[in-house]
There are 2 protein chains.
Amino acid sequence: MTMSPPRREPSPTRRERLRTATVSEIKEGARRLLVSGGPQAVSLRAIARDMGMTAPAIYRYFPSLEALIKALADDLMDELAATVTAAGEAAGDDPTGQLGAMARGFRRWSIEHPVEFGLIFGTPNPAFGDLQAECGPDDPGARFGRPYLEAFLRLWQRSPWPTPPRELMEAHLGPHLEPLWLSQGELPIEVAYTFLSGWSRLYGLVAMEVFNQLRWAVTEPQALFEVEIAMFLIQLGAQPD
Amino acid sequence: MTMSPPRREPSPTRRERLRTATVSEIKEGARRLLVSGGPQAVSLRAIARDMGMTAPAIYRYFPSLEALIKALADDLMDELAATVTAAGEAAGDDPTGQLGAMARGFRRWSIEHPVEFGLIFGTPNPAFGDLQAECGPDDPGARFGRPYLEAFLRLWQRSPWPTPPRELMEAHLGPHLEPLWLSQGELPIEVAYTFLSGWSRLYGLVAMEVFNQLRWAVTEPQALFEVEIAMFLIQLGAQPD
DNA sequence: CTTGCATAGTAAACGGTGTTAACGCACCTA
DNA sequence: TAGGTGCGTTAACACCGTTTACTATGCAAG
């Protein structure tokens with residue numbers, strides 16, 4: 001075993017395996033602290049303490065606390081995107097059914113992981129790194145919105161739904177959607193508008209529920225959520241049930 | 001001037017005047033730090049330093065940093081509510097015009113004060129006190145939603161708009177709206193639903209714009225906002241313009 | 001006028017934080 | 001077997017919130 005990689009191309013050496021394991025352990029500790037004590041509770045010293053290490057050692061793996069949080073947020077976004085995609089795939093062939101399932105999957109994950117949701121979608125804390133600063137085709141938002149967009153597109157090709165007049169959207173919205181075209185390819189503007197409208201409604205409802213912004217009015221936000229889902233899907237041509 | 005209050009009923013004594021002035025100065029300093037450096041930058045020591053004081057002195061005015069932030073958030077909520085109310089009152093008599101103006105007023109304030117918006121409506125930070133913990137008729141959310149609700153109610157009495165079937169809303173939504181009835185009085189359930197739906201859509205759009213959650217798709221969130229406002233008001237029976 | 005007390009400030013200290021620097025140990029490789 | 005690199009340590013700096021003990025100031029009553 002002089003220098004030839006024996007098994008696969010990357011052939012992680014022993015050191016590399018240990019390293020990625022430590023990276024994972026650090027992020028797991030960070031998440032544990034995040035969940036149990038909120039963002040303020042995530043400290044290098046506490047993570048290191050839980051691992052039986054000292055804080056400066058973590059700098060061998062992350063350049064700063066901010067970078068650690070950013071990496072954790074990336075992982076969480078992946079987890080959420082996978083959950084949403086799986087929910088859509090488990091919902092059969094009907095695109096409206098898929099959309100409903102993905103929306104419910106998004107809400108469920110967010111309700112079950114409120115602190116993580118806050119880290120991903122909440123106040124962009126300058127000290128925790130301006131997430132959403134990047135703006136390319138690999139933006140987390142784009143990665144996350146793609147399954148929704150694809151379902152909307154399939155539905156549109158199968159059976160379009162009523163939208164605002166095309167020329168109105170072309171005039172007002174079209175000129176400002178270049179990033180969307182760039183990351184997701186060309187789309188009918190009706191699909192783009194309905195996606196953006198629906199995504200902002202979904203985000204608003206879930207964020208308000210997670211952030212306790214509805215408690216002053218509603219005891220069971222899920223009821224409001226289900227009514228909104230139903231109304232939205234009906235507007236898309238689904239049969240009311 | 002032995003003990004008789006000379007002027008008004010409260011008759012702020014000299015000490016009380018100085019005290020409230022200091023309280024204001026502390027909150028102003030906190031807001032300045034918040035705006036310039038984010039929530040993490042708000043520290044008692046920094047505030048005191050800017051005032052030419054030492055940190056423990058602030059404990060004569062606030063029991064903790066958390067309480068200070070909470071008081072600041074209360075003030076900001078008042079400022080936002082006043083802005084929104086003023087925008088509605090400046091919009092004439094048409095309730096739909098008032099609703100549009102209040103929605104634009106909400107967005108404008110939020111865009112111009114993104115960090116303050118994050119403090120009020122963003123991630124509820126356990127360390128910064130669980131805002132929205134309380135849940136009475138004087139809840140900040142209730143105080144803030146009232147002008148919207150009143151405009152919806154006036155419009156409903158003047159000319160109702162199409163909604164989901166009343167019995168469906170009574171069955172699914174009605175049982176969970178007690179807090180709303182308690183804080184705002186009895187309302188037609190159509191008004192309650194439309195308010196909640198519209199408020200969550202408004203919140204979603206504005207929060208996504210403020211939190212940079214739309215940049216991956218849209219360069220000018222205002223365009224999307226205006227289209228959404230127009231569509232919503234048309235649904236309420238307004239004339240498209 | 002003087003006594004007394006509440007108020008508002010101070011300095012010092014405790015335990016916590018992120019981060020940097022200097023150092024040592026262990027392993028891998030040549 | 002020698003050397004370098006990766007990974008961990010300790011010590012230190014500069015912050016932070018908070019508590020304690022102490023000191024002036026100014027108001028009010030005797």
Side-chain angles (χ1 to χ4, degrees), chain A residues 1-6 11-27 29-30 32-34 36-72 125-129, chain B residues 1-6 11-27 29-30 32-34 36-72 125-129:
Chain A
M1 203 203 278
T2 57
M3 72 172 296
S4 68
S11 141
T13 91
R14 169 179 160 78
R15 280 171 96 101
E16 278 167 343
R17 266 186 295 118
L18 285 181
R19 186 177 175 82
T20 61
T22 306
V23 166
S24 295
E25 194 181 347
I26 291 172
K27 287 194 286 198
R32 194 166 34 243
L33 288 167
L34 178 76
S36 67
Q40 303 274 10
V42 183
S43 79
L44 293 181
R45 292 185 130 106
I47 297 170
R49 215 177 298 132
D50 289 354
M51 296 175 62
M53 291 200 336
T54 58
I58 300 185
Y59 283 84
R60 300 285 172 193
Y61 301 90
F62 297 94
S64 69
L65 172 64
E66 177 180 326
L68 201 180
I69 303 278
K70 176 83 173 61
L72 176 59
N125 192 324
F128 276 180
Chain B
M1 204 202 277
T2 57
M3 72 172 296
S4 68
S11 142
T13 94
R14 171 181 158 77
R15 280 172 98 103
E16 278 167 344
R17 267 186 294 117
L18 285 181
R19 186 177 175 81
T20 62
T22 306
V23 166
S24 296
E25 193 181 349
I26 292 171
K27 288 193 286 197
R32 194 165 35 243
L33 288 167
L34 177 76
S36 66
Q40 303 275 11
V42 183
S43 79
L44 293 181
R45 291 184 131 107
I47 297 169
R49 213 177 301 132
D50 290 355
M51 295 175 61
M53 288 199 337
T54 59
I58 300 186
Y59 284 83
R60 299 283 171 193
Y61 302 91
F62 297 94
S64 68
L65 172 63
E66 177 180 326
L68 201 181
I69 302 277
K70 176 83 175 61
L72 176 59
N125 192 326
F128 275 180

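Fair warning: this is a prediction, and the values are worked out from it, not measured in the lab.
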**OP:** Compare every heavy atom of B/Leu72 with every heavy atom of B/Lys27, then report the nearest pair and how far apart it is.
**Re:**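 Between these two residues, the closest heavy atoms are O-CD1, 4.0 Å.
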Quiz item: What closest approach, in Å, do A/Ala48 and A/Thr54 show between heavy atoms, and which atom pair accounts for it?
Solution: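 A/Ala48 and A/Thr54 have their closest heavy atoms at CB-C, 3.4 Å.
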Let me know the distance between [atom1] of [X] and [atom2] of [N], rounded to the nearest Å.
X: A/Tyr61; N: D/dG6; atom1: OH; atom2: C1'; result: 8 Å
X: B/Glu16; N: C/dA8; atom1: CD; atom2: P; result: 10 Å
X: B/Ile58; N: D/dT18; atom1: CD1; atom2: C1'; result: 12 Å
X: A/Phe62; N: D/dC7; atom1: CZ; atom2: C1'; result: 15 Å
X: B/Arg17; N: C/dT7; atom1: CZ; atom2: P; result: 17 Å
X: A/Glu25; N: D/dG8; atom1: CD; atom2: C1'; result: 14 Å
X: A/Gln40; N: C/dG16; atom1: CD; atom2: C1'; result: 13 Å
X: B/Arg49; N: D/dG17; atom1: CZ; atom2: P; result: 9 Å

- prompt: Partners of A/Ala41 by side-chain contact (heavy atoms from CB on, under 4.5 Å), sequence neighbours excluded?
  reply: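 For A/Ala41, no residue satisfies side-chain contact (heavy atoms from CB on, under 4.5 Å) once neighbours in sequence are set aside.
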Taking only residues two or more places apart in sequence or in another chain, which ones pass side-chain contact (heavy atoms from CB on, under 4.5 Å) with B/Ser36?
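For B/Ser36 there are no side-chain contact (heavy atoms from CB on, under 4.5 Å) partners, ignoring immediate neighbours.
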Inset, instruction - Evaluate the side-chain proximity of A/Val42 to A/Leu68: yes if any heavy-atom separation is below 4.5 Å, no if none is. - result: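 With C-beta onward as the side chain, the pair stays apart.
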Review point. Side chains of B/Val23 and B/Phe62: closer than 4.5 Å at any heavy-atom pair?
Key: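 In contact.
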Contact string for nucleotides 18-28 of chain C, one letter per nucleotide 5' to 3', B = base within protein heavy-atom range under 4.0 Å, S = sugar-phosphate only, - = neither, reads BBB-------S
Quiz item: Using a cut-off of less than 4.0 Å, is there contact between a side-chain N or O of B/Arg19 and OP1 or OP2 of C/dT7?
Solution: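 So the side-chain polar atoms of B/Arg19 never come under 4.0 Å of the phosphate oxygens OP1 or OP2 of C/dT7.
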Is the phosphate of C/dG9 approached by B/Thr54 (side-chain N or O, under 4.0 Å from OP1 or OP2)?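 For C/dG9, OP1/OP2 do not have a side-chain N/O of B/Thr54 under 4.0 Å.
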